[in-house]
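The block underneath contains the structure these notes are about, expressed in structure tokens.
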Amino acid sequence: MCGCAALVAGARPPRPVLPRRLRRRRGSSVRAEVSPGGESQPKKVTVAGAGWAGFAAAHHLIKQGYDVTLLAAESGPTEEVGLRGFWQPYRNIFALVDELGISPFTGWNKAAYYSTEGLAVEFPIFHNQPRLPAPFGVFAYPEFPNLPLSDRLTSIPVIAAVIDFDNTDTAWRKYDAMTAKELFKMYGCSQRLYKEIFELVIQAALFAPGEQCSAAATLGMLYYYVLSHQENSDFLLCRGEVEEKIFSPWLQSLELKGLKFVENKVPTSLTTDVDSGCISSIVCGDDVYEADAFVLAMGLSSLQSIVKNRNLLHLSTVDVISVKLWFDKKITIPKVANVCSGFDDSSGWAFFDLTSVYDDYCEESITIVEAEFYNASHLVLLSDDCIVYEASSHLIKCIQDFEGATVIRYSIRRSPNSVINFLPGSYKYTLRGSTSFPNLFIAGDWIVNRHGSFSKEKAYVTGLEAGNRVVDYFDIGDFAKIIAVEGDEPHIETLRSLNRRANELKSQIPFSEFFLQ
């Protein structure tokens, strides 16, 4: 029976026979079942998706003694499309890198923002600055060559919304109904501050313009990367391709522990066992992969193609294009990472000086740049030559030295429907990590969880959470230790406590729910 059917219109499968121990004490461990012959028979788990989420789930389950098969859609591991760089709050990924014993990162980097008017802001390395209470360091230390102080001061009222948004389900539902642009307008943000700063941040981190992004997702993103702690705005870059520097040694370590890595396998359907109400296999074309539990660590659009869930139909995705350009001469690029206004109001882009970042390029006498274009549906269907021309012309608008340079080589990666579009109202339709099938779990940076992270760190964390759900389902193994996001600074914690108390008092006022909210 097709596993998609039970998820259509919220239908539920038959009650499973296998019981779940949902409240096993954290840290306890149970051995795998033993066959009559005396040999241990580890439970089989198939993980679909070989990015941060899939590798995280496989990583933990292999360590707990499970028989894990990891299905990759391409010929090797592939990092999910997401925000470039490894930011200060990526604590779980940094712990993984330490565990693997590798050194893939640069030091902390500086960044710049370019609006249509030119250079908008230059960010320092915040680790090198005296720490100020959040969020004052982010306001005090960047240099704004053209934006007047009067515009910058209009960001202060937005802090009230940041305090009110505490990453709870209630907060997400409250702010998800409005757009990011409506939020900033409501709190009196100036036109210039929004267009030259906030709009660029939203387009680069959430991959769509403010009028297409939920205010809830925007507040969560801003607090995580910018406003919670001064150093959170600092980031490292990988000194080469992530697949080579991180995923390759990671895969080798997992294969030594028994991981079965299968390339070029794209799930096309799921099948169910009618008697147990569980998923029995993942189908990839003519190949069938049976297991005792399954983790779908796939992008939203890939999941939509195999699971016909009515909530998924309400979610949408955006296109991303990555263009790597080799120029015939050395060009001075002041900052290695640069966020820019887009081709029009609906798109944004960023570019990175790989010559200064990648080990393999540091001795080159030429310049190698990678540009990423977000919400790029208008570019996906263009020819390679047209895309290269558009990318080159926009680089010139930011740095004049590109005008006399010639592209001698290029590489283009089109990623249609690769990133979730955090549209207003989408939160209530977004899936959680568990499903109506007791042995099927979901991971990815687009699902809902309460950790508070974003992008690749969230993908990695949800993979660990999926692994923990498998451990909980079978009652075999230990739970992965997930490092929490750094807590609020004391003054923020106090303000949020007072805000929650005020909201509680407000809800007790007679007729408080009578008026339209």
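Below, all heavy atoms of this structure are taken into account, side chains as well, without hydrogens, waters or symmetry copies.
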Name the residue from H229, H127, Q88 that meets the side chain to side chain donor-acceptor pair (under 3.5 Å) definition with D234.
H127
Please walk me through it: do V201 and Y113 pass side-chain contact (heavy atoms from CB on, under 4.5 Å)?
CA-CA 9 Å; V201 176; Y113 287 1; 3.4 Å; yes
Kindly determine whether L296 and I282 satisfy side-chain contact (heavy atoms from CB on, under 4.5 Å), including the steps that lead there.
CA-CA 10 Å; L296 300 181; I282 289 180; 3.9 Å; yes
Check D164 with K174, please: is the shortest side-chain N to carboxylate O separation under 4.0 Å?
yes
Closest approach of G285 to V283 (non-hydrogen atoms, all atoms of both residues):
O-CG1, 3.4 Å
Using 4.0 Å as the upper bound for N to carboxylate O, is an ion pair formed by E372 and K324?
no
Grab the two heavy atoms, one from A50 and one from A72, that are nearest each other, plus how far apart they are.
CB-CB, 3.6 Å
R450 and E465 ion-paired at < 4.0 Å:
no
Salt bridge or not between E370 and R84? Use side-chain N to carboxylate O under 4.0 Å.
yes
Is it true that D292 and K43 make a salt bridge, defined as a side-chain N closer than 4.0 Å to a carboxylate O?
no
Exercise: identify the closest heavy-atom pair between I306 and P267
CG2-O, 3.3 Å
May I ask you to say whether K456 pairs ionically with E79, meaning some side-chain N is under 4.0 Å from a carboxylate O?
yes
Of all the heavy-atom pairs spanning V470 and Y66, show the shortest one and how long it is.
O-OH, 3.9 Å
Are the charged groups of R414 and D319 less than 4.0 angstrom apart, N to O?
no
Mark yes when over 12 heavy atoms from residues, nucleotides or ligands other than E255 sit less than 6.0 Å from its CD; otherwise mark no.
yes
Distance-only, no hydrogens or angles: does the D176 side chain make a donor-acceptor pair with backbone N or O of G425 under 3.5 Å?
yes
Working for side-chain hydrogen bond (donor to acceptor under 3.5 Å, both in side chains), residues Y427 and D169
CA-CA 9 Å; Y427 173 76; D169 182 72; 2.6 Å; yes
Side chain to side chain contact (heavy atoms under 4.5 Å, CB included) with V47: of L71, V295, T69, only one passes, and it is V295
Would you find more than 12 non-hydrogen atoms of other residues, nucleotides or ligands less than 6.0 Å from E290 atom CD?
no
If you measure from the Lys or Arg side-chain nitrogens to the Asp or Glu carboxylate oxygens, is any gap between K335 and D353 under 4.0 Å?
no
Does R91 make a cation-pi contact with F86 (under 6.0 Å, within 45 degrees of the axis)?
no
With a 6.0 Å cut-off on ring centres, are W250 and F55 close enough?
yes
Aromatic centroids of F294 and F441 separated by under 6.0 Å:
no
Does R173 count as lying over the ring of F165, i.e. NZ or CZ under 6.0 Å from the six-ring centre, within 45 degrees of the axis?
no
